[in-house]
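Worksheet: one structure, shown below.
In what follows, every heavy atom counts, from backbone to side chain, and hydrogens, waters and symmetry copies are set aside. Chain naming here is simple, since letters A, B, ... match the order of the sequence lines and numbering starts at 1 in each.
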Amino acid sequence: MAAPAVPGTLRLATWNVNSLRARLPRLLEWLAQVQPDVLCLQETKVADAGFPQAELEQLGYASAAAGEGAYNGVAILSRVGLEDVTRGFAGEPGFPAPESRAIAASCGPVRVWSIYAPNGRTLEDPHYAYKLQWLAALAEAARGELATGARLALCGDFNVAPSDEDVWDPAQFIGSTHVSAPEREAIRALLDLGLTDLQPRALKGAPFTYWDYRAGMFHKGCGMRIDLVLLDAALAAGVRDAYIDRDARKGSKPSDHAPVVVDVRAATVAST
DNA sequence: ATGTCGTGGACGCCACGA
C-alpha cells in the first residue's frame, strides 16, 4: 500500500496520466494517499484554460501547466514552492509547430522539469527524426541548466527504454521505436552530462512503468520502462528510496503508465 | 498479439495518436 514519505525527505514523482480530465478522480485519490511534494504530469491533454487548478489547490498543490488540448500537455504540481516557470526550451524543435512537451519550475531548491518526448511512431516516420532532434535539443537545454549549479531533476515520459532490461521481451522490439540505438544514444547523451537514470524498485514483477492497454499486456507483465527520473549527482546521492507505484496501473480507468516515486533526503536538497 | 483507451468531429461512428 502506498504511503506518505517518511519525515525528512522530499518526495518527487512523475506520472503520464493519459488525459488529466479522464484521470482526475484517480489523480486526486493518489495525491491524498501518496502525498508527493512535487509531481510532474505528462499527456494532460488539456488546454491551460481547462486545467483543474482549483481541485488541486484544495489538496494543497500549486500548479503550472503547458497544454494545447487533445494531444501532449505537461504540468508540475508542488506543495513546496513553484517559481520561475518556463514552458518549452531554447532550440526546441516542432512538428512542425512547437508542441506542449516541456515545462520547468523551481520547487524549493530543486529545478524540476516535466517532459514528454515525441513517440517516434516508426523508424521510417518523420516523427522519429523529430524525436531524435527533440531529445538532442533537450540535452543542450539540460547542459545549460546544469551549468547553473542548481539541483536538477528531469522527469517524465522519454519514450525510450534505455536498455534491453527495460522491455519485457527485447526480441519483440527489433525494428521498433523506443529501443533503437539512436534513441538509446540520445538518452546516453543526457547521462553523459552528469545525470543519473534512477532505477526505481518494482513492488511486484519487473520494474516497468508502462503497459499497453491492449491484449492484456499489464496482466501478462509485458511492459516497458520509459518513464525516467534523471537526477544530477548531488540529488542522486541523496535518494533514500524510489519505486514504481504499480497499483496505480490497476483498477478502474487507470492510465497506461504507472507513477515513479522518489524520496530524497531533505538535508541533501537543502545544502548548497 | 494493434485485441484498448482517449480525444474530437459531427453525430452514434469514425479518424487519429499512443
Just call it for A:F218: base, sugar-phosphate, or nothing, with non-hydrogen atoms closer than 4.0 Å on any strand. nothing
What is the separation between atom [atom1] on [X] and atom [atom2] on [N], rounded to the nearest whole Å?
X: A:D256; N: B:dG17; atom1: CG; atom2: C1'; value: 11 Å
X: A:E99; N: B:dA18; atom1: CD; atom2: P; value: 8 Å
X: A:N72; N: B:dA18; atom1: CG; atom2: C1'; value: 11 Å
X: A:K131; N: B:dA18; atom1: NZ; atom2: P; value: 10 Å
X: A:D227; N: B:dA18; atom1: CG; atom2: C1'; value: 13 Å
X: A:Y128; N: B:dA18; atom1: OH; atom2: P; value: 16 Å
X: A:M217; N: B:dC5; atom1: CE; atom2: P; value: 14 Å
X: A:Q42; N: B:dG6; atom1: CD; atom2: C1'; value: 16 Å

Between B:dG12 and B:dG17, how many Å separate the two P atoms, rounded to a whole number? 23 Å
Distance check, P atoms only: B:dA10 and B:dG6, in whole angstrom units.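 Taking atom P in both B:dA10 and B:dG6, they lie 23 Å apart.
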Nearest-nucleotide wise, let me know which of A:A215 and A:N18 is further upstream toward the 5' end of DNA chain B.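 The 5'-side residue here is A:A215.
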Report the residue (A:A22 or A:Y210) whose heavy-atom-nearest nucleotide on DNA chain B is the more 5′ of the two.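 Between the two, 5'-proximity favours A:A22.
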Between B:dG17, B:dA18, B:dT4, which nucleotide has the shortest distance from any of its atoms to the side chain of A:E43?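 Of B:dG17, B:dA18, B:dT4, B:dA18 is nearest to the side chain of A:E43.
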Of the nucleotides B:dG8, B:dG6, B:dA18, which has the atom closest to the A:A70 side chain? B:dG8
Show, in sequence, the C-alpha distance, side-chain angles and deciding distance for A:H178 and A:N159, and conclude whether the side chain to side chain donor-acceptor pair (under 3.5 Å) test is met. CA-CA 6 Å; A:H178 295 62; A:N159 268 317; 3.0 Å; yes
Less than 4.0 Å between a side-chain N and a carboxylate O, is that true for A:D245 and A:R201?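 Result for this pair is no, no salt bridge flagged.
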State whether A:K45 places a side-chain N or O below 4.0 Å from either non-bridging phosphate oxygen (OP1 or OP2) of B:dG17.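 Checking A:K45 against B:dG17: no side-chain N or O falls below 4.0 Å of OP1 or OP2.
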Tell me whether the OP1 or OP2 atom of B:dC5 has a side-chain N or O from A:R214 closer than 4.0 Å. no
If you measure only the distance, is there a donor-acceptor pair under 3.5 Å linking the side chains of A:N18 and A:S255?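 No.
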Do we see a donor-acceptor contact under 3.5 Å between the side chains of A:Q42 and A:W15? no
Does the Lys NZ or Arg CZ of A:R249 fall within the cation-pi geometry relative to A:F218 - under 6.0 Å from the ring centre and within 45° of the axis? yes
